[in-house]
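Here the structure comes first, spelled out in structure tokens, and everything after it is commentary.
Residue numbers start from 1 in every chain, and the chains themselves are labelled A, B, ... in the order their sequence lines are given, proteins ahead of strands. The structure displayed is predicted, hence computed values, not measured ones.
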Amino acid sequence: EVQLVESGGGLVQPGGSLKLSCVASGFTFNNHWMTWIRQAPGKGLEWVASITNTGDRTYYPDSVKGRFTISRDNIKSTLCLQMNSLRSEDTATYYCTRDRGSSHIFVSDFDDWGQGVMVTVSS
Amino acid sequence: DIQMTQSPSFLSASVGDRVTINCKASQNINRYLSWYQQKLGEAPKLLIFNANSLQTGIPSRFSGSGSGTDFTLTISSLQPEDVATYFCLQHNSWPRTFGGGTKLELK
């Protein structure tokens, strides 16, 4: 059974930093691209960052580019998201997700999600 | 970016009803459309991928159709456990984008 367990959320002041982690199990971690998706309270879903299975490439939307960094450790089956210069609009539940079958020539959907971790940016 | 427009935003139906939710893409996304179900306080769950393929373990009352720009999720006979918010996702091109969601409740 695929399991994705996030940690590291909490309350942080605007301009601060936070690092999220996601420990994966139940599948061959280094075979899959991984993605962070967020959901602001009462709102829809927004893609935040993706990383290839080897970690050689990363992808971000403009809303977080230059502030967030996605990384992975394939030995420890762990995905991370370093978030810097946080803003109130970054307040959301952050989900660790597994890409169903992304590659360098094809981008897929997400077939497994963690339970999510809450990040609150407020003074 | 490709915009995904879902309709309706809210839907109230009775147990046993046939329910349809629509998703319209701002440009052609072929069949790269997935549907997710999110129950209150839970993570989204994949229901349908490639517009009409049922994910393993999902009840057969759920089905998807469409291609190009117009897609539909159908629940053939609504059950109480189907109360949730439903999202569509396009993965035809970067960035992957979601619809705004349809909140389904029981009448």
Side-chain angles (χ1 to χ4, degrees), chain A residues 1-6 9 22 24 26-27 32-52 57-65 68 70 92-118, chain B residues 1-10 21 23-25 29-58 64 66 71 73 84-105:
Chain A
E1 179 194 2
V2 172
Q3 285 202 319
L4 301 168
V5 180
E6 302 99 334
C22 169
F27 66 102
H32 286 265
W33 289 36
M34 298 293 292
T35 293
W36 289 97
I37 292 170
R38 69 184 178 185
Q39 186 172 35
K43 303 294 185 183
L45 298 160
E46 180 188 17
W47 164 64
V48 173
S50 294
I51 188 167
T52 60
R57 281 177 137 175
T58 57
Y59 302 83
Y60 308 93
D62 289 345
S63 57
V64 308
K65 195 176 294 183
F68 289 13
I70 188 172
T93 296
Y94 285 72
Y95 295 100
C96 167
T97 72
R98 185 181 81 162
D99 282 40
R100 192 161 55 84
S102 292
S103 69
H104 287 295
I105 58 171
F106 173 75
V107 59
S108 79
D109 54 8
F110 317 103
D111 60 354
D112 282 284
W113 299 57
Q115 280 305 296
V117 61
M118 185 68 199
Chain B
D1 298 2
I2 296 176
Q3 307 303 315
M4 303 300 293
T5 303
Q6 269 184 253
S7 61
S9 299
F10 298 94
I21 298 169
C23 192
K24 187 174 184 67
I29 60 170
N30 299 292
R31 302 181 69 86
Y32 297 121
L33 189 286
S34 301
W35 289 98
Y36 293 85
Q37 175 194 65
Q38 185 177 31
K39 296 183 178 180
L40 195 63
E42 297 184 6
K45 178 195 298 185
L46 177 63
L47 300 176
I48 302 285
F49 61 94
N50 293 344
N52 64 0
S53 296
L54 194 66
Q55 175 71 341
T56 302
I58 301 301
F71 300 85
L73 173 70
T85 299
Y86 293 83
F87 294 95
C88 60
L89 164 75
Q90 71 81 19
H91 60 98
N92 182 77
S93 59
W94 292 95
R96 291 170 279 190
T97 47
F98 292 89
T102 295
K103 187 173 184 179
L104 174 60
E105 63 178 32

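The two residues A:Y95 and B:E42 come nearest to each other via the heavy atoms OH-O, 3.7 Å.
Comparing A:P61, A:G114, A:S108 by how many heavy-atom pairs each has under 4.5 Å with chain B, the most go to A:S108. When the candidates A:G116, A:G44, A:S50 are compared by the number of heavy-atom contacts under 4.5 Å with chain B, A:S50 comes out ahead. Top candidate by heavy-atom pairs under 4.5 Å with chain A, chosen from B:T85, B:L46, B:T97, is B:L46. Looking only at heavy-atom pairs under 4.5 Å with chain A, the residue among B:G101, B:P44, B:A43 that has the most is B:P44.
Heavy atoms of B:Y32 lying under 4.5 Å from chain A belong exclusively to its side chain. Looking at A:D99, the atoms closer than 4.5 Å to chain B (heavy atoms on both sides) all sit in the side chain, from C-beta outward. In this structure, chain A has no heavy atom under 4.5 Å from any part of B:Q90. Contact of A:S102 with chain B is made through the side chain alone, with heavy-atom distances under 4.5 Å.
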For the pair B:L89 and A:F110, evaluate side-chain contact (heavy atoms from CB on, under 4.5 Å) and give the outcome as yes or no after the intermediate values.
CA-CA 9 Å; B:L89 164 75; A:F110 317 103; 3.7 Å; yes
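For the salt bridge (charged side-chain N to carboxylate O under 4.0 Å, His left out) test, no residue two or more places apart in sequence or in another chain qualifies with A:K43. Evaluation of the salt bridge (charged side-chain N to carboxylate O under 4.0 Å, His left out) rule for A:R100 yields A:D109 as partners, not counting sequence neighbours.
Here the options are A:Y59, A:Y60, A:W47, the test is side-chain contact (heavy atoms from CB on, under 4.5 Å), and the partner is B:P95; only A:W47 passes.
Residue A:F106 places its CZ atom among more than 12 non-hydrogen atoms of other residues, nucleotides or ligands, all under 6.0 Å distant.
For the atom pair B:F98 CZ and A:Q39 CD, the distance stands at 9.0 Å (nearest 0.5 Å).
The shortest distance between side-chain heavy atoms of B:R96 and A:T35 falls below 4.5 Å.
Between A:W113 and B:Y36, the two ring planes are perpendicular [angle over 60°; tilted spans 30° to 60°].
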